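In this text, all values refer to a predicted model and were calculated from it rather than measured experimentally. By convention in this document, chain letters (A, B, ...) are assigned in the order of the sequence lines, proteins followed by strands, and residues within each chain are numbered from 1.
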Amino acid sequence: MQVPSKGFARRLGLVGLCFAIGALSGAAPAAAQSLAEAAKKEGKVVVYGSLESGVMEEIEAAFTKKHGIKIDYFRASSNKTLDRVLTESRAGRTISDVVITNRGPMLLLKKEGIFAKYVSPESTNFPDDVKDPDGILSPIYRQVVVGILYNTKLVKPGEVPQSLEDLLKPEWKGKWVMPDPSRHFTTGVWVRNLEQLYGKDWLAFAGKLAAAKPILVESFIPSVQKVISGEARAGITYLKYVHIFGKEGAPLDYVRLPKMLADGHHVGIQAKAPHPNAARLFEDFFISAEGMKILAAEGEFVTAKGLYPPIKDADKVKALDMDELSRSEYKKWSADFRKLFVTR
Amino acid sequence: MTVAVLARLRGVVARLDWRDPLTLTVIAVAVVLAYLGLFPTVMLLVGSFSTADLGQPGDATLANYVAAYTDPETFRLLLDSFVFALGSSFISITFALALAWITVRTNAPFRGIFELTAIVPNIFPPVLIAISWTLLLSPSVGLINALLKSVFDLSEAPFNIYSMPGLVFVEGLILTPLAFLIISAALRGMDPALEESARMLGSSQFRIVRSVTFPLMRPAILAAATLNFVRALESFDTPAIIALPARIEVFTTKIYREAFAAYPPNYNLAATYGVSLLVIALVFVYLYRRFTSRVETFATITGKGFRPHIIDLGRWKFVASASALAILVLMVVLPVTMLFFTSLLPYYQVPTMESLQQLTLKHYGYIFENERVYRAMGNSLLLAVTGASVAMFLAALTAYITVKTKVWGRGMLEGLTFLPWAFPSTALAIGLLWGYVQMPLPVYGTLWILLIAYVTRFLPYGLRAVTSTIVQIHSELEEASRACGGGFWMTFRRILFPLMRPGLIAGWILLATIFMREFSLSLFLYSPSSEPVGPLLYFLWLDGMTGPLGALGMLVSVVSAVLVLAARRYARADE
């Protein structure tokens, strides 16, 4: 298992990113100029992806202001994004220029030959271990970190779980929530990747998690919602929600686990993009310091050097990229997880 | 088999009178329905027997069927789904009957307002109503539970929504508006003479209701029950939100888990499961047709003057109002109040006295400043008005052909409309997507594909609504028109259309409100330049933006209410 540790990568990259950007824009101003002009002639860029609509709105506002090019965004779940892109490609009707979603589907699309080679000049701002060695996908620009969130109103400071194991204690039985790993893909991948944390005992540990009778829900959003509403005292969900809902006043904090599993995300440019220059300009902007700052401000753990979300101790979070499961692996494991977690 | 059918068809064609506009209409309707219904169905049937993704060349296989039906779990799930669907359909019919009778036939005070309110739940995406109920009836934090616990000093919550009764109850409430629209339309078109004769013969009011009104309403009740049964069978939102924490699995959640949530999605398997829903749905349609086959029995609109009279309930009218109000509190007031609070609170929570201090209008600000919202609203309005009108026109013609004519193959016409409806909507959407993405016509990526999808899928609703009124129209009216020299179109326009109007309007309202917020088909078929409201709502939910979601939900409901009012005004225009 290749395990790029984010904390490590970050410490490496505490070199000021402004220098990197400055060096870049000085290096190729003419090329950038002509790309922007060509992109403008194409008029717009069509993006398909699973990036949250609210984040995309912020990106679009900044991008359109800077370049005068509109973004048509088709937001779907990662599975639907994958499906839509494949469908259009097979029918010879490629409509989108850019695809943004998580690693599994992106690798699958890459294998299908959907994407064109493109190494954005902005990718120098990322650590090497998140870059695509084939120069097709963008670097992993963000890691969506899965952790334990708890309700700060209901869980008193002395009772805060310190580890996943703490959730197995009798006093927590039935009081925490997680997505059903047999039906929520990322959660299934997460349970399988517990191997990164627990070694060969991971399956036994998954069995203990199941025996603690968590409240099962459809995905990470209802999971955090049940923590906020108090239906559950704690839950397994995305760390970024601490900021996204916390800034509105939701009583949330996260358990400072020594290591947490994360889902990496890429950007890819369609080989048959109707607006190829606008697509490149978009990727350049998206993974530039400006774009990454927007994402970080929205609570995302971006991998660009030196940028962190406004979450306490975010710089100390060690995120391990999860290994993807193939179709047959996921099928096998989701059936096994169903026996463990769901069967009454 | 094909040869035999062809030979028979040839015989039929030879006997056709090509100059009769009725014949031409029948042929046109048949072609349109066959195209709408068969196109995606064939795509899916082929997919269920194929090893490759839909639309790709692959080998024929039975593996999908083996995977789907050798799993012993499938049958237990079917049983659970059956209980769920039967229970919620029963609840919806009971509530709808009570509401319809009180609002249409009695002098209960405020019945006009009740009648309008009863449609409200149809305007909201079911997922929002299910969520509202978890905020009300969750055993740990539910508002109603908390209230009852403190009032009666209970140690445990009296209700647990995460159970089969909870699931049936919520789905029943969600399904009620559909049944209400169909039943109240039929009640409105009923001839009071039969009830009056019973009264003159000395029957009590209760006896009249039981032995005259109720039997006369049978087609409408069966129509609504059939629709709601199948609708519950294939509903996904309520089970996902309520059944999952209860560790109950129904058929749709299984389909979702094995086919749509599989990675990458396995649509062949989804299509395979869809086939069994299709079979169940077709059995129900067949039963429905058998129950209502003696059409004349139900013909209560005759050439004699009719206007269902209003029953004076005396002092009981207040009891009637109170009962209607009680049902509406469950159906509308409680869930909508919760949604309204959601739209005013900064984050998702159970509204409490404490949280009232946090109330904010910022989500409405977000919605009103968002350019995408305006564009989507425009698209959805266009789809709602055009789609509902096209669908009702088609439904009226189809209903006429299947009920009033003896044309060969008329039963098949109705079957055709039900084909695409019986598949889970996501599977249908995939069939449509695959069909149109390969077509050279400018349908894919435009609003047209959404219009086609909406009409294809929801035509059965319109058809049921209008059929239950058309069976009440006695053929003597039509015959009179024809005898006076009125041609088919003249008769249709001048006689049938006005008489069918209650059903047509009911269907139109039903469809328009569904189209305003439809998302399961739209999600698969929309493109960024033709985005309707449904996907927007869905992504707000997906991203946990419940505040803006509630605000947009409220906005959509206001727009839908305006549509409903406009349709009603038109319905009453020349009464």
Side-chain angles (χ1 to χ4, degrees), chain A residues 46-48 52-54 57 71-77 79-80 82-84 86-88 90-93 95-96 104-105 108 177 180 182-185 188 215-222 224-226 228-232 241 244-245 248-250 325-327 330-331 334 338 342-344, chain B residues 53-56 131 134-135 138-142 162 240-241 244-245 247-249 253 256-258 260-267 345-350 358 370 372 430 433-434 436-439 444-445 523-524 526-529 531 535-536 538-548:
Chain A
V46 182
V47 182
Y48 285 8
E52 290 74 1
S53 313
E57 277 166 21
I71 299 175
D72 265 354
Y73 184 46
F74 171 86
R75 157 83 162 103
S77 65
N79 234 359
K80 279 207 183 82
L82 166 77
D83 203 61
R84 189 67 172 273
L86 280 178
T87 305
E88 288 183 354
R90 284 171 186 164
R93 281 184 99 147
I95 291 179
S96 67
L108 205 140
V177 56
D180 177 353
S182 69
R183 55 191 308 122
H184 186 245
F185 180 67
I215 302 167
L216 295 180
V217 289
E218 198 67 30
S219 71
F220 287 127
I221 275 285
V224 69
Q225 281 170 339
K226 283 202 170 0
I228 298 171
S229 73
E231 274 194 88
Y241 296 147
I244 293 174
F245 299 109
E248 306 291 345
L325 298 181
S326 69
R327 186 178 198 155
Y330 179 67
K331 199 174 166 196
S334 71
R338 180 166 166 76
V342 186
T343 311
R344 275 174 283 180
Chain B
D53 285 342
L54 298 180
Q56 297 287 299
I131 294 164
T134 63
L135 291 175
S138 150
S140 53
V141 296
Y162 302 113
I241 286 159
L244 194 59
R247 287 178 161 73
I248 296 172
E249 192 162 56
T253 50
Y256 179 83
R257 179 166 55 79
E258 290 185 357
F260 296 112
Y263 167 78
N266 186 348
Y267 296 120
L345 287 167
Y347 60 91
Y348 177 80
Q349 57 186 303
V350 179
Q358 307 172 355
N370 198 322
R372 253 175 102 188
I430 287 299
L433 177 65
W434 263 110
Y436 286 103
V437 79
Q438 298 177 87
M439 221 179 248
Y444 180 74
L523 264 187
F524 277 90
Y526 90 97
S527 55
S529 52
E531 184 181 49
L536 255 187
Y538 179 73
F539 294 123
L540 290 173
W541 160 242
L542 205 66
D543 294 341
M545 296 167 78
T546 42

Tell me, for [X] versus chain B, whether the close heavy atoms (under 4.5 Å) come from the side chain, the backbone, both or neither.
X: A/D83; answer: side chain
X: A/I71; answer: neither
X: A/K331; answer: neither
X: A/Y241; answer: neither
X: A/S334; answer: neither
X: A/R75; answer: both

(Q) Donor-acceptor pair, distance only, cut-off 3.5 Å: does the side chain of B/R247 make one with the backbone of A/L216? (A) no
**Q.** Donor-acceptor contact below 3.5 Å, side chain A/D180 vs main chain B/L244
**A.**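 No, because the side chain of A/D180 does not come within donor-acceptor range (under 3.5 Å) of the backbone of B/L244.
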Q: Apply side-chain contact (heavy atoms from CB on, under 4.5 Å) to the pair A/R183 and B/T253, showing each step before the final yes or no.
A: CA-CA 9 Å; A/R183 55 191 308 122; B/T253 50; 3.6 Å; yes
Q.
With a 4.5 angstrom heavy-atom cut-off, is it the side chain or the backbone of B/Y526 that approaches chain A, or both, or neither?
A.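 B/Y526 touches chain A through backbone and side-chain heavy atoms alike.
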Q: Sort B/S527 into side chain, backbone, both or neither according to what part of it lies under 4.5 angstrom from a heavy atom of chain A.
A: both
Q: List the steps and the verdict of side chain to side chain donor-acceptor pair (under 3.5 Å) for B/Q349 and A/S229.
A: CA-CA 5 Å; B/Q349 57 186 303; A/S229 73; over 6 Å; no
**Q.** Set of residues satisfying ring pair (Phe, Tyr, Trp, His ring centres under 6.0 Å) with respect to A/Y73, sequence neighbours excluded
**A.**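 A/Y73: no ring pair (Phe, Tyr, Trp, His ring centres under 6.0 Å) contacts found.
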Q: Determine the minimum heavy-atom distance between B/P528 and A/V46, stating which atoms define it.
A: CG-CG1, 4.1 Å
